[in-house]
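Throughout, a chain's letter reflects where its sequence line sits, starting with A, and its residues are numbered from 1. The figures that follow rest on heavy atoms only: side chains count, while hydrogens, waters and symmetry mates do not.
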Amino acid sequence: MQLVLEKRAERSNTIALISPLIAIGLTIVTMVILFAILGKNPLLALHAYFIAPLTDGYSLQEIAVKATPLVMIAIGLSLCYLANAWNIGAEGQFLIGAVAGSWIAVKTQGTDVGPWVLPAMLVLAAAAGALYALIPAICKVKFGASEILTSLMLVYVADLFLDYLVRGPWRDPHGFNFPTTAEFDPIATVPLLIEGGRLHLGAMIALLVVAAVAILLGRTIKGFEIRVVGAAPRAARFGGFNANQLVILTFAISGALAGFAGIIEVAGPVGHLQPGISPGYGFTAIIVAFLGRLNPLGILIAGLFVALTFIGGEQAQIAMKIPLDVTKVFQGILLFYVLACDSLILYRFKLVFPNRQVTRGAG
Amino acid sequence: MPMHQRMFDPTPQRLHSSEPPLLQTVELTKRYGDFIANDSIDIEIRPREIHALLGENGAGKSTLVKAIYGLIQPSAGEIRWHGEPIVLSGPSDARSRGIGMVFQHFSLFDNLTVAENVALGLDGKEPFKDMSARLEQVSKTYGLPLDPRREVWQLSVGERQRIEIVRALMQDPKFLILDEPTAVLTPQEADQLFIVLERLKAEGRAILYISHKLDEVKRLCDTATILRGGRKIETCNPQRETAASLARMMVGGEIKQVRAASGRKTTVPRLVVNDLSLAPAEAHGVRLEHISFELKGGEILGIAGVAGNGQDELFAALSGERLSKHSGTVVIEGIAAGHLSITQRRKLGAAFVPEERLGHGTAPRMKLSENALLTGHAASGMVRHGFIDTAATLKTVDRATETFDVRKAKRDPEAASLSGGNLQKFIVGREILRNPAVLVVSQPTWGVDAGAAAIIRQALLDLATAGAAVLVTSQDLDELAEIADRIAVMFHGRLSAPLAASEASREKLGLLMGGSSLEPKEATHAVGA
């Protein structure tokens, strides 16, 4: 008896839907083993990770707050990935967006400026993120440079640039030498949805982004172009679609969304610019994009789930002294299983029994 | 029970019939999941026999020879070599036993020399110099001239095939499999190949000859086994059959005759190509040189030629996948279009059907409705203000399905799930339903079953009757003879002057396909080098 992978005649839509769930299941099994090895009670650990955060209002809000940048970035990335353009540098675009938006906040600090400040910050952050993403896109189109490498390398450039600004020119003079800007003025801050809570306007914007991209991909010719270029480049050219143009477009959109998420994070939950504003949102969003099947609605659900692991990880650390890095391990294992389970969409397992021996004279 | 039949076979010149089979398959079966590619196939091949394996695409010919050559393992049944059951661990195992194969698609490295390519394909540890010498020796002995020092990209398709044949012969096979060897040859080159095959036969070797060209099989082969739908239908002596009876066995029924409407009138020129020259886009691509022709409404122009002589490049230049610097090189419906994109050309009334169905003509993993949108978005009212009208795309699928008898499992399946013939009917249908003024179609029936091929050819004729200009590129001379009004030949990126179909004999076309000129100065040997 033998287990073989067999190609399906047509992709299975059922599996396409449940493949992320299988991946999550396998991840949880792996985590249980991992917790047991660490000497922690796996059931308690799972409870801390997945159940406890869902039981109080604060944590629920916090999940939405964490999911906001993840979903926004992942939605942008999904457009790139659908078009076969591999933007790995959303983290950098996120940081550059945060920096560009903060520039207005820092420069207008303490002055009596009008309510145009926040919208201006948002627009500038999106524009900066888009321009930053265009560097690898243009390098790819013009010179054939691998966008995977260039976009990734630009993450470190952005990271160090932010670091320089908050340690040098933008440092808060009253900040006890901590590398941070001063708290943004209230007018330069993203308003809260619930008074005294954590949920902010960014979460609403993220929902709008999900809806808009769902319409773009499902209903418009532009969305169709993006999908064809990724799925069958030669057919796309035959259809009259320009792949290079779409690399530029999808990188610009995803850079803009990442930059937008960056300023919302800084002008929202964080309140000032400092190193470490992102626990790796730009990279985690890659997992979210694939876990959500590069589908807007799927990404929304995946974003909430991955945000849950962030919050759950914090709770597990507090309650059970499980290292916070276990969350990253969890996310890594999850991506691994998601990609592995995807093969089931086009293939299926089959048990094969040994060949029937042909007996002479039969038949 | 079929084993006894052979004993009493009274075929003349069958001195060898008493010899035991060299290779035999017994109830050989190959399953891929639920699909049975080969269903209990018995076949016997004797020394000094050229045995044809006949069948349509998808009949199971490739699967059978892959099993015999050790590329795949049968699911059930056995292969016997000299009467002994064998299990082949792979192609090198097959080669070491004396089974050789020449594939339809060559596996050669363009940037390596002939000798280097041959060396890479041999299993032995023979020094390169000795091997080169032996290569020259073998190629001379069999009349397959090859210069071992030339790089492959400089060679014609026929020469490339020679490399594959010589490579197989250098291992001194007792049994040689040839997969559609004449598909890429001119009629004259095919004649030369037949001489080589007769000689191999005389040396006592056995040959399994895969083909669907019935005339060839009748001329060359001693025995023919016909496969259909994965089963063996019959083993017969092809010389005693007619082409029609062989075709019936292959197809399992009569093929509808394609009929041209009588009294078709040509109208105004709808596609004009003026002195089109284009450098190749890829390394070792073909440069188009000074191509000119004029195609009127109501007319079908056929372009013959051995693959790789610039047909792909011409298609790209006509469709707008590659643009020309000079707008006047391609004129569609009286409008200079050389600089226009494929979308703009479609808006002028042109439609295109490329050679490759999956990946070029369609996105394989997308639905038919989305593939209707792929070429219909520009000019078929499927898109309004940037939004897709899904109902309109589905309507195109339904109309194509109905008009061209596209068989599929559900209303809107993925393109890749359709059989080759049905997908090709959809693709041709998708374009014809747009009522094009000009249709450029490449290899319209390549790898398509006979029924679908007849429907497609009829559709092209009907389109021309309705007044469209149709340009058909095909390697199948019979197909061009059947539907084209005029036939031109592509060779090395140049296009010959078109011949009227009535004057385009196989001999004339063959000469043009081989690069000779039809001018009456053949006596002198001035042309050459």
Would you mind checking which part of I215(A) comes under 4.5 Å of any heavy atom in chain B, side chain (CB onward), backbone (N, CA, C, O), both or neither?
-> side chain
With only heavy atoms counted, which part of [X] is less than 4.5 Å from chain A, the side chain, the backbone, both or neither?
| X | value |
| --- | --- |
| I342(B) | side chain |
| F35(B) | neither |
| R346(B) | side chain |
| T29(B) | neither |
| E370(B) | both |
| T375(B) | side chain |
| L358(B) | neither |

Where the side chain of H377(B) meets the backbone of G240(A), is there a donor-acceptor pair that is under 3.5 Å apart?
->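 No, H377(B) side chain to G240(A) backbone: no donor-acceptor pair under 3.5 Å.
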For residues T220(A) and I388(B), report the shortest heavy-atom separation together with the two atoms involved.
->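 So the two residues come closest at O-CD1, 3.3 Å.
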Shortest non-hydrogen contact between F238(A) and P354(B), atoms and distance |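 Between these two residues, the closest heavy atoms are CZ-CD, 3.4 Å.
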One option among M366(B), M382(B), H360(B) has the most heavy-atom pairs under 4.5 Å with chain A, and it is H360(B)
Heavy atoms only, distances under 4.5 angstrom: which of L373(B), N371(B), T390(B) has the most pairs with chain A? Name it, please.
-> L373(B)
Quick check: are there more than 12 heavy atoms from other residues, nucleotides or ligands sitting under 6.0 Å from NZ of K408(B)?
->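 Check passes, neighbour count above 12.
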Interatomic spacing from CZ in R237(A) to CZ in R322(B) - rounded to 0.5 Å |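 Interatomic distance, R237(A) CZ to R322(B) CZ, rounded to 0.5 Å: 10.0 Å.
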Nearest 0.5 Å, what's the CG-CZ distance between D389(B) and R219(A)?
->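 Here the interatomic distance stands at 9.5 Å.
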